[in-house]
**Student:** 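Here's a structure for you.
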Amino acid sequence: MPPQLQIAARFVLDHPQDVALMSMREQAHQAGVSHTTMMRLARWLGLDRYEDMRSLYAKAMRAPGFSAGGSTGLDRRGEGDGGHATAGVVADTLAAQIASLGEYGTAMQLIAAAEVLAGCRSLFSLGFRSEHSVAHHFSYTMSQLGKRAVLLDAAGGLGIDLLRGAGPADAVLAVSVAPYCRMTIETARQATRQGVAVVAITDSSVSPLARMAKESVLVTSGSQSFFRSMAPALAAAEILAALIAAKSGASTDQNTKDVERELEALDVFWKPPR
């Protein structure tokens, strides 16, 4: 696709409700392209006019089980209530976003991703900037199962060195949502060159990470405030950990107990004085 059509196509993929409910000109304004670009997109897809695309999306919305997978669109924020409304609308949005991970389509993505990660020889975890919290939590959770997940975040920019010797028997869980961190994309690209299977937690089927991934789990990062939310991505990582644990069989409980005993021997966690 030409660059402008790519921008329009991404808007259509990421905002299905808006395609069905907003006018073509409003959509073009939201996407940052001209309305003629939206018309060219429809023709590129083999449709006579853009209204044909809107009709398809409107029909899909009326189908049972439709979910846009985005924020709830609630806006109950008011003034003078001490912030109660703001807390409520943010909590409602997060709850809806996380609940959508259990819907059939996303659940199948999670199961397929867990299959790849559970069957690998060596497991790596990748994410920088805001996504680092997700990658780190996944790596830490895997360590509780007795399965080592190497976090590709070594100081001095040496994290990519940890991929030396990795190959087709290995896998990396990579996390990135728009705007995509260049270092995450470049490290994932190097992993694919070595034959390592990339499993992505990302926000679009046309994100640079999804296009190189063997399996992708699509989450939303929109929020009702100024920041991009990592809560859905973090929840997806925890679901992956639970699925991997289930696939590990009876050894999971024993591994967890062994780790707890080792940490207790190291006096890692605070205990009240006797």
Side-chain angles (χ1 to χ4, degrees), residues 101 106-155 157-177 180-181 183-202 207-219 230 232-260 262-263 268:
L101 296 174
T106 307
M108 292 300 100
Q109 293 174 359
L110 287 160
I111 292 169
E115 288 277 359
V116 175
L117 298 174
C120 69
R121 176 186 61 186
S122 297
L123 178 58
F124 301 91
S125 185
L126 171 64
F128 295 100
R129 303 184 70 84
S130 60
E131 294 95 347
H132 180 267
S133 59
V134 181
H136 182 275
H137 184 58
F138 178 77
S139 177
Y140 177 80
T141 303
M142 286 292 95
S143 73
Q144 304 305 296
L145 293 176
K147 186 175 179 70
R148 185 166 177 255
V150 178
L151 190 62
L152 299 175
D153 72 337
L158 300 178
I160 199 168
D161 290 22
L162 299 172
L163 284 174
R164 286 183 299 175
D170 307 315
V172 55
L173 177 69
V175 188
S176 188
V177 299
Y180 307 106
C181 178
M183 189 177 296
T184 299
I185 304 306
E186 290 180 353
T187 304
R189 187 170 288 127
Q190 176 59 35
T192 60
R193 283 196 288 264
Q194 295 178 211
V196 178
V198 173
V199 170
I201 295 179
T202 188
S207 76
L209 202 54
R211 282 182 283 179
M212 71 178 80
K214 184 172 182 179
E215 299 290 347
S216 295
V217 178
L218 302 185
V219 299
M230 289 294 104
L234 187 63
E238 291 195 350
I239 294 171
L240 285 174
L243 289 169
I244 293 169
K247 293 177 183 299
S248 299
S251 62
T252 300
D253 290 340
Q254 187 59 49
N255 285 336
T256 303
K257 290 176 182 178
D258 291 343
V259 170
E260 288 175 351
E262 290 173 2
L263 294 177
V268 170

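In this text, all values refer to a predicted model and were calculated from it rather than measured experimentally.
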**Student:** Short question: side chain of S139, backbone of A135 - any donor-acceptor pair under 3.5 Å?
**Tutor:** no
**Student:** Taking all non-hydrogen atoms of both residues into account, name the closest pair between E131 and V177 and its distance.
**Tutor:** OE2-N, 3.0 Å
**Student:** Only distances under 3.5 Å count here; give the side-chain donor-acceptor pairs of residues 194-201 to other protein atoms, sequence neighbours excluded, each with its distance to 0.1 Å.
**Tutor:**
unit_1, atom_1, unit_2, atom_2, d
Q194, OE1, Q190, NE2, 2.9
Q194, NE2, L163, O, 2.8
Q194, NE2, A166, O, 3.1

**Student:** Over all heavy atoms of both residues, which pair between A241 and F138 is shortest? Give the atoms and the distance, please.
**Tutor:** N-CE1, 4.3 Å
**Student:** Taking only residues two or more places apart in sequence or in another chain, which ones pass side chain to side chain contact (heavy atoms under 4.5 Å, CB included) with R211?
**Tutor:** P208
**Student:** Excluding sequence neighbours, so at least two apart, what forms side chain to side chain donor-acceptor pair (under 3.5 Å) with E186?
**Tutor:** R182
**Student:** Is any side-chain heavy atom of L126 less than 4.5 Å from a side-chain heavy atom of T184?
**Tutor:** yes
**Student:** Under 6.0 Å from the CZ atom of R164, do we count more than 12 heavy atoms belonging to anything else shown?
**Tutor:** no
**Student:** Between P232 and V219, what is the shortest heavy-atom contact and its length?
**Tutor:**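 Scanning both residues, the minimum pair turns out to be O-CG1, 4.0 Å.
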**Student:** Sequence neighbours left out, what passes side chain to side chain donor-acceptor pair (under 3.5 Å) with S216? Give chain and number order.
**Tutor:**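 Side chain to side chain donor-acceptor pair (under 3.5 Å) list for S216, sorted by chain: empty.
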**Student:** Do the non-hydrogen side-chain atoms of S122 and V150 ever get within less than 4.5 Å of each other?
**Tutor:**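 SC-SC contact between S122 and V150 ruled out.
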**Student:** Is there a side-chain contact between E238 and H137 in this structure, where contact means two heavy atoms from C-beta onward sitting under 4.5 Å apart?
**Tutor:**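 Yes. Closest side-chain heavy atoms under 4.5 Å.
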**Student:** What salt bridge (Lys or Arg N to Asp or Glu O under 4.0 Å) pairs are there with at least one residue in residues 111-122, not counting sequence neighbours?
**Tutor:** E115-K247, R121-D170
**Student:** Would you sort out whether T106 and L218 count as a side-chain contact (heavy atoms from CB on, under 4.5 Å), showing the intermediate values?
**Tutor:** CA-CA 7 Å; T106 307; L218 302 185; over 6 Å; no
**Student:** Going by heavy atoms in the side chains, are T187 and F124 under 4.5 Å from each other?
**Tutor:** no
**Student:** How would you list, by chain and number, every residue that makes a side chain to side chain donor-acceptor pair (under 3.5 Å) with S207, sequence neighbours excluded?
**Tutor:**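 For S207 the side chain to side chain donor-acceptor pair (under 3.5 Å) partners, ignoring immediate neighbours, are T202.
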**Student:** Is any side-chain heavy atom of Q109 closer than 4.5 Å to one of E215?
**Tutor:** no
**Student:** For a quick test of reading the model, state the closest non-hydrogen atom pair linking A237 to V134 and the distance between them.
**Tutor:** CB-CG1, 3.8 Å
**Student:** Look up atom CE in M212 and atom CZ in R193, then write down how far apart they are to the nearest 0.5 Å.
**Tutor:** 9.0 Å
**Student:** Any side-chain heavy-atom pair from L209 and I185 closer than 4.5 angstrom?
**Tutor:**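 Touching, per the 4.5 Å side-chain cut-off.
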**Student:** Above 12 or not: heavy atoms from other molecules or residues under 6.0 Å from NE2 of H136?
**Tutor:** no
**Student:** Please round to the nearest 0.5 Å and tell me the distance separating atom CD1 of I239 and atom CD1 of I244.
**Tutor:**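 Here the interatomic distance stands at 12.0 Å.
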